[in-house]
Amino acid sequence: MPTVSVKWQKELYPAVEIDTTQPPYVFKCQLYDLTGVPPERQKIMMKGHGLLKDDSDWSKLGVKEGQKIMMMGTADEIVKAPEKGPVFMEDLPEEEQAVAVGHSAGLFNLGNTCYMNSTMQCLHSVPELKSALIDYPQAGRSGDLDQSSHLLTVATRDLFSELDKNVKPVAPMQFWMVLRKKYPQFGQLHNGSFMQQDAEECWTQILYTLSQALRSPNSSVNHDTVKELFGIDLVSRVHCAESGEDSSETESIYALKCHISHEVNHLHEGLKHGLKSELEKASPSLGRSAVYVKDSRINGLPKYLTIQFVRFFWKRESNQKAKILRKVDYPLELDIFDLCSDDLRKKLEAPRQKLRDEDGRKAGLKLKEKKSASVDNDVKMSDAEPSNASEESSKATPVEGLASDKNEQLTGVYDLVAVLTHKGRSADSGHYVAWVKQENGKWIQFDDDNPIPQKEEDITKLSGGGDWHMAYICMYKARTIAM
Amino acid sequence: MDPEQNNNVKNNGAAAANGSVKAPTKDPKNKKDDKKDEDLSEEDLELKQQLELYVERVQDVDQSLQKVALESMRQEIRTSTSSMTSVPKPLKFLRPHYGTLKSFYETMPESDMKKLLADILSVLALTMSAEGERESLKYRLLGSEGDIGSWGHEYVRNLAGEIAQEYSKRVNEESPVNEIIELVEQIVAFHMKHNAEPEAVDLLMEVEYLDLLAKHVDKANYRRTCLYLTSSARYLAGPDDISVLEIAYAIYTKFEEYPRALQIALYLDNMQHVKQIFTSCPDLLRKKQFCYILARQGVSFELDEEMCSDDEDREVLQEIINNTKLSEGFLTLARDIEVMEPKSPEDIYKAHLLDGRASAGASVDSARQNLAATFVNAFVNAGFGQDKLMTVPAEAASGGSSGNWLFKNKEHGKASAAASLGMIDLWDVDAGLAQLDKYFHSNDNHVISGALLGVGIVNCGIRNDCDPALALLADYLDKEDSSIRIGAITGLGLAYAGTQNEQIRDKLTPILGDPKAPLDVIAFTAVALGLVYVGSCNEEVAQAIIFALMDRSESDLGEPLTRLLPLGLGLLYLGKQDSVEATAEVSKTFNEKIRKYCDMTLLSCAYAGTGNVLKVQHFLGQCAQHLEKGETFQGPAVLGIAMVAMAEELGLDMAIRSLEHLLQYGEQNIRKAVPLALGLLCVSNPKVHVMDTLSRLSHDADTEVAMAAVISLGLIGAGTNNARIAGMLRNLSSYYYKEASLLFCVRVAQGFVHMGKGLLTIAPYHSERFLLSPTSLAGLVVLLHACLDMKAIILGKYHYVLYFVVLAMQPRMLLTVDENLKPLSVPVRVGQAVDVVGQAGRPKTITGFQTHSTPVLLAAGDRAELATEKYIPLSPILEGFVILKENPDYREEA
């Protein structure tokens, strides 16, 4: 009976006797006692013999005294595949991949259609508009709506759902055709190809069409979705210095204009500028035309505040819309309280107070968490540190947006959600790009078919002053508070 | 030579005719010179007149006067000393009389006097002889054969130069060279005595008589002589290089400098020599050191009784050769550097440094990204035996919601995941096999395949008497499922690379001839055989692969994997130069679809690591052709440039520049191979300019070029943790975040850079860049050839080809051990190596060094030296495992 040493993993069993009269299986059982590895899982290796088989003959193997034998095998549980295998992104249908990717698809450029693509990407970021469009009936249309407007609305709806479903870029063919049909000016050709257009014009026209189409059919309540979402009520005092005439008028517009003059360095200044205008009209009292000063104030706030930077002006000598490259800063968080009329201000008082309290509380909570925070920090926090506040609100907004609770009150504070930028020297040339904040708070630059993630701090760098992309239209979303 | 001095001379018709008066004698100048003549100091004037007198006397009829004059003239010349920059005065003053003396010499009758004059003429010719006349030598041979050194060093050097010219002339004319050789012997003896070993070696090489060297080396000069011999061997054409190294080997063994001799033996791949070293060295401890050197080279070597008579000792030695303690040593290093903590792929990606672009919504697993994570995890934790994905305790894994990482991989991805266990437990066969065991019983073929491959990986470079890899894998070679077969075949190839194990051959060759075997199985079999028989020129294996290639159908030949067949064939001849010729001839009969490809592959492998400039030119020539579509042979040609030129630094730099040109003028199939070639040239050696080139290429418009560049960034930084490359790759990961294929490459490259947490190297060169490990190079070459068609192989379902890099993985450490082979910490200086070949005195061998205590990491181009006198290292090259012996002469400072 030779004695051998068996090596198993890191252990060495120096003296194991082999009963050469018994089949190797007996030896394996011996090892089972030592190691706890069941015989059928044991693999025994000897120099020059390969694996020891259960039916081999010891005498033929020529085991020597003191020979080293290696045993492999574990008593470990055999790995089993989990019942439900993981789902891989590569296997998912496209619409689910879109969710995983975290942003919607890009739009192919169909030949100078970047103005349209970027407009649609910006509008696409308004969930309320999307839901309103979903409710839009395919066939039933209000009698006063013309066929092409209807088709455009349907096409918009379809395009939005396409964007949500896909990861790969979408070609907005149908929409593009319908848009040209409705507004032939977008179908202008130059040298056999479509011309670049002004995105602002496209934006206005589409919103106009949608506002026509998305009126509530029951005319009892004049329910205008688009107006509710984007409409800004202005009350203006028209004053003539010469005659001392003073009148008041109201109007509803879809976008505030930010006029850019030499004094304007900041959005706020431009807006103030835009709300003041001089106009010449016939004065009934003077019997001739006189200069009137129109001083407007906001009387009703929308859920989505659209601001257009008036960057283009008609340059007679070059016969094109030239661009003002001046840098105009805009904030991620916009407070337009001081542009509001007195009535509105009163209404806003209470919600704003509450918002401040809320912010203070959040900051306070944070302070409690970080006890080491210095007093310095404290001051900053209560000053509503812009980035901090906007982050929180961005987390909160989706929920609020979905719940169209009547109790949600506007506060006059707005958060930036989309920027449409232009790069180039005139409105009909260059390149339009949309920068849109996604529901998860990330910013995506939609450069036609190519969505590129961006950092939030880079968004405010689109304020102009060079040849880089500069903001042309900004869309702010209202920060609301439950009362 | 001062031309103005020439003009002093009054009678110089002969000298002028001799043509050595270089400055034209102008009349107006003469006046000034006359004045100058008077400027000579009195002493000089006297000397001059004296010499002139001697010249006259020499021509005297009176023999005794002649003799006296000659003797005195010799005396004057010999005693004169001068600085390096000016001609000694006696020579200067005698110059005008050179012609006179020469013509007088012709008229002299044979006598001692004539010989004496010949000696003097020989010396004078040093400054006077016209270019190419070799008069110094001529008169030397005519003169008396006195002590050559008595005329000074400069004279000997000049003579040596003339001998070289004369010798080649005589060989051409087939005239006798005996007398020259006699002279050579004198000169060599003189040089060797006077610290001019390089000159002696040069002269002997010129006259092709290096054997003479052995007579003249002694304890004082053999090191410098051999250093010069071995370094010059790199630049010699075969077969001279071999003979030079043989002489160096002989000298080293003569002086019992065995480790160096062993290195040369390994360089020559001469096992006979290795054996001889073992038998002639009596010291067991030194033998152990030899075993460590053999283990690093990765050769399989069986000790017999002749080499070590004691059984137990032999077992210990064999264990060292078998690398069984490599894992232990590596872990010692890791513990010392404190990097035992396992790292997860996220620790490598460092996504938090890339704000804004952090992968959005990681709610869904991406199979490709998980596979990338599998590889990163495997490479980063290679050899540490623990990680955060695969080896986490079972309870934690099953209990956690994440489940087993293995099953987070898809289909063939599971094979790579299972095999990654082998990588994590690299070199630790016992632990690795225990970890892999449970996967053998899986019901998923991919998992089994991966486990088989893992067995191969864990055994890579380690040999074991029980042959666990063969025992375990052999049964799976004939399984139905081809993924299992490939796993087993590749596993065997990795585990037995370089062993020339006949059992493996007998098991694998039948597969090549199996008509039913699918192409991928055959391709991997060819590679596995190529690895096992790397550089062996084994004809049977070559035949088998050739037949397999001939049997392929036309459509098979177009498949991307077919490229592995010629590669397997090429590996058989790795570095074996001319031995490939017969096979290369056969390859010319192949189907034209693969003929050129095969030719390039064979040639590149055969001349790999030789630095053969002609072959590099040949490959460049191939790349200059503009091809019809569909030809792919330029890929291996570009790799061939790198494989051949990687041998030495100069050629390497030239190759890098040539590759830049290819990049500019080459077509797509060349451009995509260029980054890979750059990667091979600087593997694990992140040179900044190559890094920049690759960084530029990684943004190339052509995806394949970009992918190759990304992988190569990983290769040049492999195992270095280089922060700059890591930063580049991090930026690339955000740049390519949307392109799954490129992102996969970026991840793999990140895994490479942090390989073994920065403790590993994949450079095939080691031992101060002298030795090339054939298995390491083979592993890299297989990987690079696979990268030539990234889409079909690495991005397809054969991603486990990436594991071939395991063949090249080695700890980049210096671990000093005591006489019982236990780690011993001593202070060492580590710095940039300095080339000291041919330098006088005892120059510093490292620069910019820092003092550490072992174990210590060595970067590319680093050299270490002991900072204490207390121990004597048994190997002159401090790399890998080095045994230290206590210095008996050491006295502790009070």
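No experiment lies behind these values; they were computed from the predicted model shown. Residue numbering restarts at 1 for every chain, and letters A, B, ... go by the order of the sequence lines.
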Report which part of [X] has an atom under 4.5 Å of a heavy atom belonging to chain A: side chain, backbone, both, or neither.
| X | value |
| --- | --- |
| Leu433(B) | both |
| Ala474(B) | neither |
| Asn409(B) | backbone |

| query | For the atom pair OG1 (Thr332(B)) and NZ (Lys325(B)), what is the distance rounded to the nearest 0.5 Å? | reply |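 Reported to 0.5 Å precision, the distance equals 11.0 Å.
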
*asked:* How long is the straight-line distance from OG1 of Thr374(B) back to CD of Gln369(B), given to the nearest 0.5 Å?
replied: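 Output value for this atom pair is 10.5 Å.
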
Do Gln30(A) and Tyr32(A) have a side chain donor and acceptor closer than 3.5 Å? no

*Pair Asp437(B) + Lys43(A), salt bridge at N-O below 4.0 Å*: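 Counted as a salt bridge, because a side-chain N and a carboxylate O are separated by less than 4.0 Å.
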
Do the two ring centres, one from Phe446(A) and one from Trp435(A), sit under 6.0 Å apart?
no

Check: Given that the side chain runs from C-beta out, which part of Lys68(A) has a heavy atom under 4.5 Å from chain B: side chain, backbone, both or neither?
Finding: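 For Lys68(A), heavy atoms of backbone and side chain both lie under 4.5 Å from chain B.
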
Cut-off 4.5 Å, heavy atoms of chain B, and the answer for Met70(A) is both

From the list Leu472(B), Asp475(B), Leu470(B), the residue making the most non-hydrogen contacts under 4.5 Å with chain A is Leu472(B)

